[in-house]
Every structure is written in structure tokens, then in C-alpha cells.
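Letters A, B, ... mirror the listed sequences (proteins, then strands); counts begin at 1. On a predicted model such as this, the values are computed, not experimentally measured, just so you know.
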Amino acid sequence: MTELPKAYDPAAVEPDLYEDWRTAGLFHADPDDDGDPYSIVIPPPNVTGSLHVGHALDNTIQDVLIRRARMVGNNAVWIPGMDHAGIATQMVVEKQLAAQGKTRHDLGRERFVERVWEWKEESGGAILRQLQTLGCSLDWEREAFTFDGPRNLAVTKVFVELYDQGLIYRGARLINWDPVLHTALSDIEVDHEEVDGELVHFRYPFADGDDSDGLVVATTRAETMLGDTAIAVHPDDERYRHLVGRTVRHPFLDRTFPVIADDYVDPEFGSGAVKITPAHDPNDYQIGLRHDLPMIDIMDDDAVITDVGGRFAGLGRYDARAAIKQALDEAGLLIRSEPHRHQVGHSSRSKAAVEPRLSDQWFVKVGPLAERAIAAVKDGDVRIVPQRNAKAFLDWLENLHDWCISRQLWWGHRIPAWHHQDTGEIRVSAEPIDEDGWVQDPDVLDTWFSSQLWPFVVFGWPEETADLKRWYPTSTLVTGYDINTFWVSRMLMIGLWFTDSVPFHVIYNHGLVRDEHGKKMSKSFGNVIDPLDLVDEYGADATRFALLRSAATGTDVPLAEEWVEGTKRFANKLWNTCRFALSNLEGTMPGDVPPRDDLALEDRWILSRLEAVRSEVDAGYDAYDWPVAARGLYHFVWDEFADWYVEAVKVRIYGDDREAAARRVLAIVLDDVLRLLHPMMPFVTEALWRALTGAAGGTDSLMVAAWPQGRADDRDVDAETDFAVLQDLVTQTNRFRSQNSIAPSKRFDLTVASDRRELIDAQQELVSSLARLSGVTCVRTIEERDGTSTIQLASGQAQVDLTGLIDVAAELERLRKELDSARADLAKVTGKLANTSFVERAPADVVERERHKQRDAKAAIAQLEERIAALEVMQGTGQS
RNA sequence: GGGGCGUUAGCUCAGUUGGUUAGAGCGCUUGCUCGACACGCAAGAGGUCGCAGGUUCGACUCCUGCACGCCCCACCA
């Protein structure tokens, strides 16, 4: 048996164990192995990524699920991999080029993409290596990449089939344009932020009148008036009904357009008349379609006004906004402008304000896909945990717009479509078209188009591989709720469409990791915690366990460094409990529970508690309730096993009464605890388990040991009740000792009158040891005597003879001194709080602290006075 | 504008189908080199469970309203 160091040192244990597991092949799964299939695919981190606490939580949870599944006997696999992360990655490399004063256009497309690949090879995937330090038991032989060969083939196949089915189409639609990255974006890549703007009221003159007459409109985006092609009013609006059909004249451009009526217009807002810019506003676009209005794109890719803007051509959109306002004013058309807060869409990548723009793009028609996904959720084919997230998920699926999938980028899956240069004809094909006049579409696909295929392409789809048959559909998808829309819903839709199966049976949503006060972690707040720093400082087990302890299902996870520190102490506690056991086991192995007659009360008690906790912890794991599982084990190990059982068992181990049974029970409990704890704290449990069982390592590992089955017969309510009586007796005695300043080393006799007299009588030795008594005498009734003190018990009373135990005079003197100082404290604080300028001007928390001090001092005084009175009675100086 | 979540000890959170003195960790106070552990042991202080009503013999727990906070979604110029 190995000698364990006095304190647990994670750094000395973790890296070697990971390497040992890996070389023994314990992470690798074989589809031909026995056991029910259990599979998880990692949400592929971006190649640009490095491990942050969100990843740490997400992957710890997956590792917990996989490790437990293995121990339960499933044929479990966890697939690693990465996402090529189109925009994000392209931006990183473009930034590197910018540092050299270059753009991607200087390199050209081919060279640029090569450059991204080079970068991917050298620095991509750091995050997967970081996951190893966290202990993640991923099957490294199955690593996949969304942009590698097999995945490319699958993406092309999916695109072509969807196109053939009429579910992918190309067309001019209003899309979100990112004027910085020069690409279209999907709706969910746009974040709405509140912005302070201006609502500008101005007048469009009638075509047949002068500038003093006309129709007043209001807008937050004056520059878009260059693309106006109508003015809309509500059909029932009495103020304007008679104007419908009239024509207005553009003040700066040689153009006239009509006043139209449309229900969309809210008569209450602004002037009740809306300028319509179909090419630059989603609502106006719809109105434009309904009324067959011309759609005039007034901006170029940089959101700069083009020649259609007449004298405003060449101005950026914000400069144009100011210039037009001024021009309106000069023309006498500006009525007024007022401050106006409103929501403006921003690119989630470049943060630039998105420009709604009419553009030729590729779209996925999502209706038919969404229908099946909705049905799968409603029918329970896929279960969302927590259930309440299902509503938002369904709402989103039920209100989908078609998905713009083309991106004007270079890094990503090239769209398998070819355009004829002369005819403009389009052909979509899995094979390159190598004929004269045909050129491939320059655009690439939205990065989520490929990642939506992840759960089946990692197993080799469209090939009918053994892996695919064995592990698809996957068991559980673990993600934060923040990407349910981006990713999860799309996997569900496309999975159902192409594999006729849900891609996962359960969607488990954890919360987002926040700082200790529940605030979002962000670099600008300076509250970011790096999980790798935590691992360095406290170990991977502590980091994992701390995250799990606060990861209540679906709610955000507050993380403070102190908690991780506290968890490290728990690991150390476990370590030392094992150290005690190991140094006393004398070769005893875990095995069958000894015959009942050989067991002492504390044995039956701890076995009963173990069984209770095992079942609670198991239920916690089953319900994805990590805090319950973690707390259950923490409490059991520390407060029951270490604090009570280990102390109790010393009587027999250091003596010679049924010590064999004691050793056996010690080994059994530890063995089960280590197994139950292993998915959450894999390293320390493995190290200790090897020491306990003598396991050689390699394939002889806790990682693949059997999950505890439980022994229902071990539940022993009588033992628990009886032991609680002893615990109460010991606790009350300790309390008495502490309150009377009796040194812990001072032993004394206890006389007990209890309705559990026989029990206490039989357990005298145990009680004496735990409460550090010289003896326990059980009597029928306590007789009040001078010089004794009584302790109240849940089951009766105990009596202590104070003669010689306490130096009454000295104790009185000590207490009186304490009382004096407590009174002085109180006076000081009370004086401070009586000072009105302090109470009014000092910060609230400082005042609150003073109030606390005041309350504390008062409580202390009351208690001291009581004890002094009691001692005075004993001394004969008080009044009884 | 729609929807969701939360409000319990100084801080972060538990609290099972409503049932005697509402729990944990951290922090705080006091004492302790007891043959696993000072990353420890023992004891202690600290809460009118956001506010106002209601149901009930009884509510932190159920209902209604309000307040505050957080989050998601959303095409009102």
C-alpha cells in the first residue's frame, strides 16, 4: 500500500493520471463492445477559442455524464472536435494581416485561405488540449473538425439535397448587412441595442404644389429618404384619408411617388404618416412588396451613399443623415427633431450597426424543417431540461424567418453552385462544373450550416458506419441555453430531415457562469476568472466540483474563487480520511458487509447513512441535479463519515474489539464514496482508490469500476435513531464544556438520566471517547445537588459535578472582565450611532456594520450576565 | 411590446407533496499541537424568509396584486 503525503497536492497527481488513462485506452470506445450505447458529442469549440469558465462547466458536465455512464456499464463515447468558426476565424487572421498593413485582398482568396489553415494548424485546438487538464475523458481517436474532408462532403450533400427539394433558394431579399465585415448576416447574428437617436419630422411637398404644402413624416434615419418610394398612412386615418393617391415630390432627387394606405401604419406614432424605404427597412420592405413599390438600394458595401443619392453621393450613412437634416432645414422642410431612444441592430461580430439591405443571397426555407422539430419537442421525442426552456424554444421555431446562409467571406464551405457568366443561369451540383462560362459562387456558408450537422457527421454520415449505427442518435446534448436558437434548434431540424431521427434524446441546458455576485464576466469589468488559473491553484477536481456545486439546473452559475478554495479543502479532507483508513486497514479490502452480529452500532449507522446518501446522489445524477449530488457527498464525507464514524471507529481500531469489522466497514464506505464521487472529482478519487484497492492502474482503474448498486438491507432506521441519541449527548457535552471554559483535555464524569438509558449504558465507552469523558454513569433520575450543573438532552438530562472542574473565582473574574470590555464596546458603538451626522453621511454598509456590532455586543452582554449570575449562585454570593 | 427567472443569515445559495426551535459553504467571534487532516477540531453570534392582501387550525412553502433585479425574444417609422 502506498504511503500518501500529508496534504493532497493535485499537481503531483493529475497530469500523470490523465496520461495513464489515455495510454490504457480508457477514453476510447469500440462500437462492438457490450453495454447500452451512450454518446455525447462535444459542442465544438471555435478553433479561435481558449478555455473559459463557460467551457469548463459545459465540459465538466459532459464528463460527469460520460464517466458515470461508463461505470454504469454503458458503451459510452464522447466525441471531441472543433468548429472552423467562419467569421470569427477569418477576423482573427485578417487582424494579423492588418498588423502587417495588409488586407486579405492583398493575398488573394487562395493564399488567404491557405494562411487561415496554417494558423488553424499551429494554434487551433489549444482549447482541446486545455480540456485535458480538466480531466475530460474524450475519445481522442475520433476527433472531428467541421471543415475537414468528411464533413465537407456531408455539407455539400446536404446543400444539394435541400436545393433539389426546394428548401434552399437564391433570391433578392432584405438582409442584415455588416458594413465592416462586408457580409450578410442571419437574424440571430444581430443584437438589438438601445441607442439615443433623433426623430426628425419633415415635409414632403406635393408634386403639384409648392414647398409650403405637403405631408409631414417622421424618421430616425433621415438618410434613407434618398431611397423613399412612397408615403404610407393608415386607411382609417381621417386626417390623411383624402390624401391617399396624391403624389409627392422628392426635394433633392428627380423623383415623385405616391401616398398609399396600409394597415401597418400606427396613426398614433410620429405624424401618422410614414416614409417608405423598401430597400432599407424590414417593415418598409413588406409594404413595398404589398404595393409593388420600386426598391432603391442607396448604399454600397461600406454603407456609403451611391450615385442614386445625387448630391449626397459619397457620404457615409451618418454624415448623410446630418447633411440631409441640414438640407431639409435650408429648404424649409424641416419641421422639428426630438430626442428618441430606439433599438438598433448591431452585428454580433463587428459590433457595427447593421444596415438592412436588399441583396441577392442564398436562403433556407425553414418552414417544413421547423414543423418536424416542433412536433419532436411536443411529442417528447426530445426532452428539454429544464422543461421551462421548451416554451422559448418552441416560440422561436414557430416564428422563424427564412435563414440567410450565404456569407461574403472566404473562410468556410464554398457554396456548391455555379453561375453562367453570360446567361446568369445557376446550377447546384455536388461535383465541380468544369465547363466554359461557369464559375463557382464566391460565397461561403454560414458557419452554423455545417455545425448543425455535427451530431451525425462526426460518426461518418452519410456513410452507414458502425459508429453511426451504434451511437446515433446521441444521448444528451449539453449546452448553455444561449445557443438553443443558433445551434440546437438547427441540429434538431436538420437531423430530423436527414436522418429521420432526433439527433439527441435530451437537451440539457445549464446556466451561464457569472461572477460571485451574479454579474456577467467580462474583460471590461475585470471580473473574468480563468479556469486554468483555478486548476493551477486548486486542482482540476476542485474546479470541477465547485462549478457543479452551484450549477443548479438552468439557472446561472455564480463562481467565486473562495468556493474553489473551499472545495480544495474538501479534496484534502477526503485525502486525509483515506490516509487514516489506509494506515489502519492492515490490508483489509472492500468486500462483503460483515455479518450483522459482528457490526457495532456505528457500523450499522454509517452503512445506513451511506445507503441513504447513495440513493440520493444517484437520483441527483439522474436528474442532472449536480448540486444535490455534490452536496450529498460533501456532507456525507465530511460531517458524517469523517467527523463521526472515523472518530467512533478509533475506539475499536486502537483497542481490540471487533476491529476487523471496523476495518471492513471503513474500506467498504470509502470504496463506495470514491466511486460515487469519481465522475465529479476524477483525479483524487482515482489516486485514493488505487491506494485503497491496490489497483495497478492502466485498465485496472476506478474509471471503469462498477457503479455502486446499493444495499437496501443496510438501511437501518433503529441504528440511525440510536446513533442520533449518542450524537446529541456528545454535542451537548461539548457545548457545556465550551461554555464553561473547561479545557478540552480535562476529563470528567457524566451522570445521565435518559429514556435511552440502556443504549447509553451499552455505549459508555464510545460516548466517553467521543466526548472526552472519564466515565458515564446511567441513573434512573437525576438528583439536584449543590455544585452540579445540568445539561438538557433530547432524550433526558445529564449532570456534571463541577467540584474541582471549574475554578469558580477565576472564571468569575474572567467573565467579569469580558463583560466590562463588552460593555465598553457597546458604549462606543452606541455613541457612534447616536451621532446623526455619522448615520446620515457614512455609507449605508458602514452604518449597517455598526448596527451589527451593536447587536452583537448586546447579545454578548446578556449571555455573560446570565453565566455570571449562575456562577455567583454556585459561589454563594448571588441570590438563588 | 411579448416571455422567462429571481427576491431566505454580511456574501453566494439549499429548503422535498404547507406541519414543532428555517439549513449549508464562505466570512465573523471564542477555545483547542486529542496518534488522518490547522486545507483541521469544538463551540458560538447572525434571518419579522422583498412588500401588501387572501386561502388554511397552521405558509418560506399555495393564490392575487405590487415593488425591485436579471435574462431572452421582438421589423413600430
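- Distance alone, capped at 3.5 Å, is enough to place a donor-acceptor pair between the A:H234 side chain and the A:V265 backbone.
- Within the nucleic acid shown, A:E565 has no heavy atom closer than 4.0 Å to any nucleic acid atom.
- When the P atom of B:rC71 is taken as reference, atom OH of A:Y481 falls 9 Å away, rounded to whole Å.
- Residue contacts for A:G539: at a heavy-atom cut-off of 4.0 Å it reaches no nucleic acid atom on any strand shown.
- Side-chain atoms of A:D728 come within 3.5 Å of backbone N or O of A:A794 as a donor-acceptor pair.
- Within the nucleic acid shown, A:V217 has no heavy atom closer than 4.0 Å to any nucleic acid atom.
- One atom, CD1 of A:I483, and another, P of B:rC71, lie 19 Å apart when rounded to the nearest Å.
- The side-chain ring of A:W563 is not stacked on the base of B:rG25, judged by centre separation under 5.5 angstrom and plane angle under 30 degrees.
- For A:H401, the side chain to side chain contact (heavy atoms under 4.5 Å, CB included) partners are A:D187, not counting sequence neighbours.
- Partners of A:A353 according to the side chain to side chain contact (heavy atoms under 4.5 Å, CB included) rule, which considers only residues two or more places apart in sequence or in another chain, are A:R317, A:Y318, A:V344, A:H346.
- A:K573 pairs by the side-chain hydrogen bond (donor to acceptor under 3.5 Å, both in side chains) definition with nothing, not counting sequence neighbours.
- Comparing B:rG47 with B:rA22, their C1' atoms are spaced 8 Å from each other, to the whole Å.
- Taking every side-chain heavy atom of A:P744 into account, B:rC32 is the closest of B:rC37, B:rA77, B:rC32.
- Interface remark: the A:R772 side chain does form a donor-acceptor pair with the B:rC34 base, using a distance-only criterion of under 3.5 Å.
- Residue whose closest nucleotide on RNA chain B sits further toward the 5' end, between A:D187 and A:V265: A:D187.
- With P as the reference atom, B:rG69 and B:rA38 are 47 Å apart, rounded to whole Å.
- Residue contacts shown for A:E398 are absent, as no nucleic acid heavy atom lies under 4.0 Å away.
- Between the side chain of A:H280 and the backbone N or O of A:I298, at least one donor-acceptor pair lies under 3.5 Å.
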Between N or O atoms, less than 3.5 Å apart, protein on one side and nucleotides 4-6 of chain B on the other: list the pairs.
none

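- Atom C1' of B:rA77 sits at a distance of 39 Å from the matching atom of B:rU64, rounded to the whole Å.
- In this structure, A:E562 has no side-chain hydrogen bond (donor to acceptor under 3.5 Å, both in side chains) partners at least two apart in sequence or on a different chain.
- Considering every non-hydrogen atom in both A:A571 and A:V684, the closest pair reads O-CG2, 4.4 Å.
- Heavy-atom nearest nucleotides on RNA chain B were determined for A:I742 and for A:H342, and the one closer to the 5' end corresponds to A:I742.
- Between the NZ atom of A:K650 and the P atom of B:rG35 there is a distance of 8 Å, given to the nearest Å.
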Which atoms of nucleotides 17-24 of chain B (N or O only) lie under 3.5 Å from a protein N or O atom, and what are those distances?
none

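- Of all heavy-atom pairs between A:C404 and A:S186, the closest is O-CB, 4.0 Å.
- Taking atom C1' in both B:rA45 and B:rU29, one finds a spacing of 7 Å when rounded to whole Å.
- Judged as a salt bridge (Lys or Arg N to Asp or Glu O under 4.0 Å), the pairs with a partner in residues 215-227 of chain A (not counting sequence neighbours) are, in order, A:R221-A:E223, A:R221-A:E355, A:E223-A:R321.
- In this structure, the side chain to side chain contact (heavy atoms under 4.5 Å, CB included) partners of A:A612, at least two apart in sequence or on a different chain, are A:R609, A:R715.
- Comparing B:rC71, B:rA38, B:rC76 by their closest approach to the side chain of A:K6 singles out B:rA38.
- Nucleotides B:rU8 and B:rC62 have their P atoms positioned 16 Å apart, rounded to a whole Å.
- Annotation: B:rG25 and B:rC57 have their P atoms spaced 38 Å apart (nearest Å).
- Classification of the A:F748-A:F736 ring pair by plane angle, with boundaries at 30° and 60°, yields perpendicular.
- Put simply, CZ on A:R341 is 13 Å from P on B:rA77, counting in whole angstrom units.
- Rounded to an integer number of Å, the gap from CD of A:Q727 to C1' of B:rA43 is 16 Å.
- Take A:R173 and apply the side-chain hydrogen bond (donor to acceptor under 3.5 Å, both in side chains) test, not counting sequence neighbours, and it matches no residue.
- In this structure, A:R544 forms no cation-pi arrangement with A:W626, as its terminal cationic atom is not both closer than 6.0 Å to the ring centre and no more than 45° off the ring axis.
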Below 3.5 Å between N/O atoms, which protein atoms pair up with nucleotides 39-42 of chain B? Just atom names and distances, please.
{"unit_1": "B:rC39", "atom_1": "O2'", "unit_2": "A:N572", "atom_2": "ND2", "d": "3.1"}
{"unit_1": "B:rG40", "atom_1": "O3'", "unit_2": "A:K573", "atom_2": "NZ", "d": "3.0"}
{"unit_1": "B:rC41", "atom_1": "OP1", "unit_2": "A:K573", "atom_2": "NZ", "d": "2.8"}
{"unit_1": "B:rC41", "atom_1": "OP1", "unit_2": "A:W638", "atom_2": "NE1", "d": "2.6"}
{"unit_1": "B:rC41", "atom_1": "OP1", "unit_2": "A:D643", "atom_2": "OD1", "d": "3.3"}

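- On the P atoms, B:rC11 is 15 Å away from B:rC28, given to the nearest whole Å.
- Distance A:N176 CG to B:rA74 C1': 13 Å, rounded to the nearest Å.
- What separates CZ of A:F545 from C1' of B:rG25 is a distance of 12 Å, to the nearest Å.
- Taken together, the paired segments of RNA chain B that extend over three or more consecutive Watson-Crick or G-U pairs, each closer than 3.5 Å at both contacts, are B:1-7 with B:67-73, B:10-13 with B:23-26, B:28-32 with B:40-44, B:50-54 with B:62-66.
- Heavy atoms of A:Y285 sit nowhere under 4.0 angstrom from any nucleic acid atom.
- Going from atom CZ of A:R737 over to atom P of B:rA43 covers 11 Å, rounded to whole Å.
- Heavy atoms of A:H201 sit nowhere under 4.0 angstrom from any nucleic acid atom.
- With sequence neighbours excluded, the residues that form a salt bridge (Lys or Arg N to Asp or Glu O under 4.0 Å) with A:R239 are A:D237.
- Distance CZ/A:F257 to NZ/A:K275: 8.5 Å, rounded to 0.5 Å.
- Taking atom C1' on both nucleotides, B:rG46 is separated from B:rA9 by 6 Å, rounded to a whole Å.
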